[in-house]
Amino acid sequence: MDQQVKDPSIVAPEQTRRSSRIGVILTTLVVLSLLAGIVWWTRQQAAPQPAGGGRNAAPMSIVPATIGKGDIGVTLNALGTVTSLATVTIKSQISGYLQRIDFKEGDEVKKGDLIAQIDPRPYEATLAQARGQLARDEAQLKGAQVDLARYQNLAKQNAVPHQTLDTQIALVAQNQGTVEADRASVQSAEVNLAYCRIVSPINGRVGLRQVDLGNYVTAGDSTGLVVITQLEPISVLFTLPEDNLQAVAKRLREGAVLPATAYDRSGANKLAEGSLQTFDSQIDPTTGTIKLRAQFENDKRTLYPNQFVNIRLLLDTHKDVMTMPMAGVQRGVPGTFVYLVSADSTVSVRPVKLGVTDGDRVEVMSGLEVGDRVVIDGADKLREGTKVIVRSAADATTPAGAAKGAASGAAKHGDGPKQ
């Protein structure tokens, strides 16, 4: 029987094709394995970690706050500029050499205090001259009046012509006019002499001196001698949106006193307390705002002109309403909500409706009751039904205290380390 011998040229291609198929299969298996591993690892990373949802999960450490009742203010916040109620540039009303300066820079002066004095000698001489002129003309008037009385008696007897009497009457009137002009000259000289003493027209603080002693000053000097600024009381000009105007105007028409508080640039430090005085008569069309003026006693000198401050205007007060800390308010898919601490040491999501905010307190319109406890610290990983342990607010500021509270809570629930 003849043996069939395969041609090597035919056998080699079949082995090559078989090896190629095996290589493709192995490569496919490797790629699929890698894809499966990537998918598994991605799902493990994306899977949410249980946060107290399981029965054996460790409870979360939180700080609660109790819902209470109280008053909360309706406030309007604005940026303002401190403005003096009176700023006076002291200028000379006459010309002369500055003979005396009676203030120190930064002094507090009262109305009527001497500020400076100009050499009064030329004005004293002018006053003396005017008084002498007045005395001479008064003597002439008196002589003319005596002659007039004599002519009137003679005229009754037809001893003098009526023309002479009429001339004497005109002379007396002329002398009377001259005397009145002399008296006005005396008054003018007295006023100029008084202007030699420059006094403060207001109570305030003296600024930096603009003119030194010995200089010749005139009424036309533009810089003046010094600037006096009133600091007590003082005002703040600030702006509010035109939408708030009607509410503010209504409260003022009712006779309400609207308290205004001034804070520094950061808004953290209170500088002064005052009240709203009035608002402007027109709205700025470029910004849609209106100017308002608040007045402050400023007895502690915490406000200075041109200082930028934050103004908090108390528009109204809601009496005896439910309030809670702003730290307990959460926002997410349910809208505005809080984590309510239940009696079984778990939390539940409770939607709430909020009202006005005043600082770190907010008015609760609905969703909670007085006495409810809400989470204000430690709410980051909470879920519906999460077990919690309560720690004090003091522990919230120290990591060691928080860790201690968490460890004691875990031991209390039997979740501590096993021996």
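Only heavy atoms go into these numbers, but all of them, side chains included; no hydrogens, no water, no symmetry mates.
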Note to self: If we ignore hydrogens and angles and just use 3.5 Å, is the side chain of T218 paired with the main-chain N or O of S95 as donor and acceptor?
What the structure shows: no
Checklist line | Presence of salt bridge, R121 and E124, under 4.0 angstrom | finding: no
Check: For L79, does its backbone N or O pair with a side-chain atom of N310 as donor and acceptor, under 3.5 Å?
Finding: no
Checklist line | Backbone of Q163 reached by a side-chain donor or acceptor of T167 within 3.5 Å | finding: yes
Notebook entry, point to check: Is R150 paired with D147 through a side-chain N to carboxylate O contact shorter than 4.0 Å?
Noted result: yes
Notebook entry, point to check: Any chance the side chains of T278 and R293 put a donor and an acceptor closer than 3.5 Å?
Noted result: no
Note to self: Taking K319's backbone N and O only, do any of them form a donor-acceptor pair with T317's side chain (distance below 3.5 Å, no angle check)?
What the structure shows: no
Next item on the list: Give the minimum heavy-atom separation between I101 and V211, together with the two atoms involved.
Entry: CD1-O, 3.7 Å
Note to self: Between D264 and S266, is there a side-chain donor-acceptor contact under 3.5 Å, judged purely by atom types and distance?
What the structure shows: yes
Next item on the list: Using a strict 4.0 Å threshold on nitrogen-to-oxygen distance, state whether E138 and R131 make a salt bridge.
Entry: no
Next item on the list: Can you establish whether the number of heavy atoms outside N306 located under 6.0 Å from its atom CG is more than 12?
Entry: no
Checklist line | Pair N175, T178: side-chain N/O donor-acceptor within cut-off below 3.5 Å | finding: no
Notebook entry, point to check: Counting N and O atoms only, with roles assigned by atom type, does the side chain of N192 sit under 3.5 Å from a partner on the main chain of A189, one being a donor and the other an acceptor?
Noted result: no
Note to self: Given 3.5 Å as the limit, does a donor-acceptor pair link the side chain of Q168 with the main chain of A144, or not?
What the structure shows: yes
Next item on the list: Before accepting this row, confirm whether a basic side-chain N of the pair E108/R301 lies closer than 4.0 Å to the acidic partner's carboxylate O.
Entry: yes
Notebook entry, point to check: Does Q93 use its side chain to pair, donor to acceptor, with the backbone of K91 at less than 3.5 Å?
Noted result: no
Item checked: Under 3.5 Å: donor-acceptor pair, side chain of N298, backbone of T302 -> yes
Next item on the list: Kindly indicate whether the side chain of E363, heavy atoms from C-beta on, has any atom under 4.5 Å from the side chain of H318.
Entry: yes
Next item on the list: Please step through side-chain contact (heavy atoms from CB on, under 4.5 Å) for the pair L231 and Y304, ending with a clear verdict.
Entry: CA-CA 7 Å; L231 299 179; Y304 282 87; 4.0 Å; yes
Notebook entry, point to check: Do we get R312 above Y263's six-membered ring, with its NZ or CZ under 6.0 Å from the centre and within 45° of the axis?
Noted result: yes
Item checked: Short side-chain to backbone donor-acceptor contact, R183 and L134, under 3.5 Å -> no
Notebook entry, point to check: Does D284 use its side chain to pair, donor to acceptor, with the backbone of T286 at less than 3.5 Å?
Noted result: yes
